[in-house]
S.K.: 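What follows is a single structure, and I will ask about it in a moment.
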Amino acid sequence: MTDLATLDTAFPLLAAHDQPAFAAIRADEIVPAVTAAIAAHQQAMAQCVARAGDPAMLAFKEEADRRIGEAWTVVGHLLAVANTPELRAAHAQAQPLIAGHFAAVGQDRALYEAIRAIDPGALDPLGARARELALRDFELSGVALEGRTRRTLPRTRWSRGAYPPNMPTP
């Protein structure tokens, strides 16, 4: 099983750090690193589903979310600072992958139900609020949608994710 912790040595982009090793991150490794981070995040979300109702699962999910989000933030920062043709190409290739992944996670009913199954009374006030916000994020992502709207939302989000950040989406 691959998780983000074991990817630390495979890709500098995914290494745990206080500050990213920007000089070690190569443009040609961004797409493979993002692809590996997505696979590890998918596995972590499957583990969360398997731990439905476990109050500790929420912190586990938040850590997995933090790690993949941090990796993507580093890519965005590199693009903003270096902005080479190679970085632009890598970012353009990875952006729809990450956008599509997060759209799919946001509509994962099993994951939503696993979080919903956590008894808020078993959590401290901060944990209860984190649970509430996680459920809200799922609902805003369309987890409760049905039919055609549910099927087309990930594709719509993916296509919007493919637009450059400064271009208005249709």
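These numbers come from a predicted model, not from an experiment.
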S.K.: The test is side-chain contact (heavy atoms from CB on, under 4.5 Å); show your working for Arg129 and Leu123 and say whether it passes.
M.R.: CA-CA 9 Å; Arg129 178 69 173 146; Leu123 301 168; over 6 Å; no
S.K.: Working note: Tyr112 + Gln107, criterion side-chain contact (heavy atoms from CB on, under 4.5 Å); need CA distance, chi angles, decisive distance, verdict.
M.R.: CA-CA 8 Å; Tyr112 172 74; Gln107 289 198 358; over 6 Å; no
S.K.: Hey, could you give me the CG/NE2 distance between Asn83 and His91, rounded to the nearest 0.5 Å?
M.R.: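 It is 10.0 Å, given to the nearest 0.5 Å.
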S.K.: Is the ring pair His41/His101 parallel, tilted or perpendicular, if the boundaries are 30 and 60 degrees?
M.R.: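 Judged by the thresholds at 30° and 60°, the geometry between His41 and His101 is perpendicular.
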S.K.: Does CZ belonging to Arg116 count more than 12 external heavy atoms closer than 6.0 Å?
M.R.: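 No, CZ of Arg116 has 12 or fewer neighbouring heavy atoms, counting only those of other groups under 6.0 Å.
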S.K.: Can you tell me how far the CD1 atom of Ile118 sits from the CD atom of Glu113, to the nearest 0.5 Å?
M.R.: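 Reported value, rounded in 0.5 Å steps: 12.0 Å.
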S.K.: Can you tell if the side chain of Met45 reaches within under 4.5 Å of the side chain of Asp65, non-hydrogen atoms only?
M.R.: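 Result yes, sub-4.5 Å side-chain heavy-atom pair found.
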S.K.: May I ask you to say whether Glu139 pairs ionically with Arg136, meaning some side-chain N is under 4.0 Å from a carboxylate O?
M.R.: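 Here Glu139 does not pair with Arg136 in a salt bridge, since their nearest N and O are not under 4.0 Å apart.
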S.K.: Is the backbone N or O of Leu79 less than 3.5 Å from a side-chain atom of Arg88, with the two atoms forming a donor-acceptor pair by type?
M.R.: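 It does not hold such a pair.
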S.K.: Measure across Met57 and Ala114 and return the closest heavy-atom pair with its distance rounded to 0.1 Å.
M.R.: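 Closest approach of Met57 to Ala114, heavy atoms only: CE-O, 3.5 Å.
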S.K.: How many angstroms lie between atom CG of Asp137 and atom CD of Glu132, to the nearest 0.5 angstrom?
M.R.: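 Nearest 0.5 Å value for the CG-CD distance: 10.5 Å.
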S.K.: If you compare all heavy atoms of Arg67 against all heavy atoms of Ala15, which two are closest, and at what distance to 0.1 Å?
M.R.: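 In this case the closest contact between Arg67 and Ala15 is NH2-C, 4.4 Å.
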S.K.: Apply side-chain contact (heavy atoms from CB on, under 4.5 Å) to residues Ile98 and Phe102 and explain how you reach the verdict.
M.R.: CA-CA 6 Å; Ile98 199 94; Phe102 280 122; 3.6 Å; yes
S.K.: Under the 3.5 angstrom rule, does the side chain of Arg26 hit a backbone N or O of Pro12 as a donor-acceptor pair?
M.R.: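 Side chain of Arg26 to backbone of Pro12: no pair is present.
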S.K.: Say you draw a straight line from CZ of Phe60 to CD of Gln47; how long is it, rounded to the nearest 0.5 Å?
M.R.: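 Rounded to the nearest 0.5 Å, the CZ-CD separation comes out at 4.0 Å.
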S.K.: Quick check: do Leu13 and Glu29 have side-chain heavy atoms less than 4.5 Å from each other?
M.R.: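 With C-beta onward as the side chain, the pair stays apart.
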S.K.: May I have the step-by-step check of side-chain contact (heavy atoms from CB on, under 4.5 Å) for Ile30 and Leu87, ending in yes or no?
M.R.: CA-CA 8 Å; Ile30 288 175; Leu87 280 173; 3.4 Å; yes
S.K.: Looking at every heavy atom in both Leu14 and Ala33, which two are closest together, and how far apart are they?
M.R.: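 The answer is CD1-O, 3.4 Å.
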S.K.: Please report the closest heavy-atom contact between Leu58 and Ala134, naming both atoms and the distance.
M.R.: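 Minimum heavy-atom contact is CD1-CB, 4.4 Å.
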S.K.: With a 4.5 Å heavy-atom cut-off, do Leu111 and Val143 have their side chains touching?
M.R.: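 The answer is no, as the side chains (C-beta and beyond) never meet within the 4.5 Å cut-off.
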S.K.: Indicate the atoms forming the closest heavy-atom contact of Ala36 with Phe11, along with that distance.
M.R.: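 In terms of heavy atoms, the two residues are closest at CB-CE1, 3.8 Å.
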S.K.: Considering all heavy atoms of both residues, which atom of Pro32 and which atom of Asp28 are nearest to each other, and what is their separation?
M.R.: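 So the two residues come closest at CD-O, 3.5 Å.
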S.K.: Give a yes or no on whether Gln93 atom CD has more than 12 heavy-atom contacts from other residues, nucleotides or ligands under 6.0 Å away.
M.R.: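 It does not: Gln93 CD has 12 such atoms or fewer within range.
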S.K.: What's the spacing between Ile115 CD1 and Asp54 CG if we round to 0.5 Å?
M.R.: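 Output value for this atom pair is 12.0 Å.
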